[in-house]
Amino acid sequence: MVKPKTEEEIELLRENAVLVSKTLAEVGRIVAPGVTTLELNRVAETFIRDHGAVPSFLGYEGFPAALCLSVNDTVVHGFPSDYVLKEGDIVSVDCGTLYKGYNGDSAYTFPVGEVDAATRKLLDATKASLYEGIKAAVAGNRTGDIGYAVQSYAESFGFSVVRALEGHGLGREMHEQPGVPNYGRPGRGTHLVEGMVICVEPMINEGVKDVYLAGNGWAVKTSDHKKSAHYELTVVVRRGKAEQLSTFEYIEKDSRINF
Ligand code: MG
Ligand code: MG
């Protein structure tokens, strides 16, 4: 049985979620052709520390950076590098904070300049699949209801769901129970209880679902080298409707960002 969070804990998780949401928007402002992923990481780390928080990914099991920056066929856990983003790329930005003893964790996939129609469709469908999953994150449901919602939506476009990684509970630890798979069957999995705080984070591939671990032991890449998208939000399980703690509104209200 997963212990729900108290309302006091939820407020601390909300503070983290807002900071992560604003950090993603700061990063989104500078995503453009010609920018390196190292520069995106620098902007995020500075913003997080300026707000009195710590980038929780840095040093996590040896991860070397504040952000996971995953370009094109990298699904998740890419390292920042001197790779120069180019028109038509996509870059998934996953951000974590540690503040007042609690964690924040959210992700957004940004197009770099103009992307082709197929890529736009992948981004839109992945983000929409996240919201479908969140709709199912209500008390009385089970994690399989979330997974089923994500999977059935994403697959209706001919895309595939990465199985190797999943969403999770969030609290004092970055990864808590329950696991929240992005595939599954209704009525299966962990029971969702009011006050549970979870991250829903579909990783959706344009081509096959299979992935492999790159030689650096971190980056997860698509086996067919087609693109993959990743969006993540933190929500509180409530009765009737989940409460979103993190948000993409800071990203999407900014007209300078071509989301
Ligand atoms: Mg994340
Ligand atoms: Mg996560």
Side-chain angles (χ1 to χ4, degrees), residues 2 5 13-28 37 40-41 44-45 47-48 53-71 74-80 90-99 102-110 123 126-127 129-131 133-134 137 143 146-147 150 161-183 189-190 192 196-204 211 218-220 228-237 242 244-248 250-251:
V2 180
K5 298 294 187 287
L13 287 161
R14 189 193 312 278
E15 289 187 48
N16 276 277
V18 170
L19 179 56
V20 160
S21 302
K22 289 180 175 175
T23 305
L24 289 174
E26 289 298 308
V27 172
T37 54
L40 305 184
N41 184 74
E45 180 163 0
F47 190 80
I48 291 166
V54 170
S56 56
F57 294 177
L58 183 61
Y60 183 85
E61 294 181 6
F63 191 80
L67 296 179
C68 295
L69 290 159
S70 306
V71 178
T74 301
V75 180
V76 287
H77 303 165
F79 292 177
I90 57 173
V91 57
S92 298
V93 181
D94 198 346
C95 178
T97 57
L98 182 64
Y99 182 60
Y102 285 80
N103 281 274
D105 183 14
S106 292
Y108 196 92
T109 301
F110 294 93
L123 299 182
T126 305
K127 189 167 59 174
S129 77
L130 165 58
Y131 290 121
I134 289 172
T143 51
I146 298 174
V150 170
V161 175
V162 174
R163 308 295 207 268
L165 299 129
E166 61 186 21
H168 51 88
L170 188 74
R172 286 191 173 275
E173 301 298 325
M174 197 197 313
H175 295 124
E176 298 187 356
Q177 291 300 319
V180 184
N182 296 302
Y183 63 97
T190 305
L192 300 174
M196 282 174 54
V197 174
I198 57 172
C199 292
V200 183
E201 49 176 317
M203 289 149 266
I204 305 297
V211 297
W218 276 99
V220 175
S228 184
H230 178 214
Y231 292 82
E232 175 179 20
L233 287 170
T234 305
V235 303
V236 188
V237 173
Q244 251 183 256
L245 294 184
S246 58
T247 174
F248 299 144
Y250 301 110
I251 297 170

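No experiment lies behind these values; they were computed from the predicted model shown. Indexing begins at 1, ligand by ligand and atom by atom, following the structure's order.
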Within the structure provided, determine whether E45 and L58 are in side-chain contact (heavy-atom separation under 4.5 Å). yes
By side chain to side chain donor-acceptor pair (under 3.5 Å), Q244 pairs with (sequence neighbours left out) none
Of all N, O or S atoms in H168, the one closest to the Mg ion (ligand 2) is NE2
Quiz item: Would you call S228 and V220 a side-chain contact if the rule is heavy atoms closer than 4.5 Å?
Solution: no
Interatomic distance, CD1@I198 vs CG@L170, rounded to 0.5 Å, equals 10.5 Å
Excluding water, the protein N, O or S atoms sitting under 2.8 Å from the Mg ion (ligand 1) are D94 OD1, D94 OD2, D105 OD1, E232 OE1
When you measure from the side chain of N103 to the backbone N and O of R172, does any donor-acceptor pair fall under 3.5 Å?
-> yes
The reported gap from CD1 in I48 to SG in C95 (rounded to nearest 0.5 angstrom) is 4.0 Å
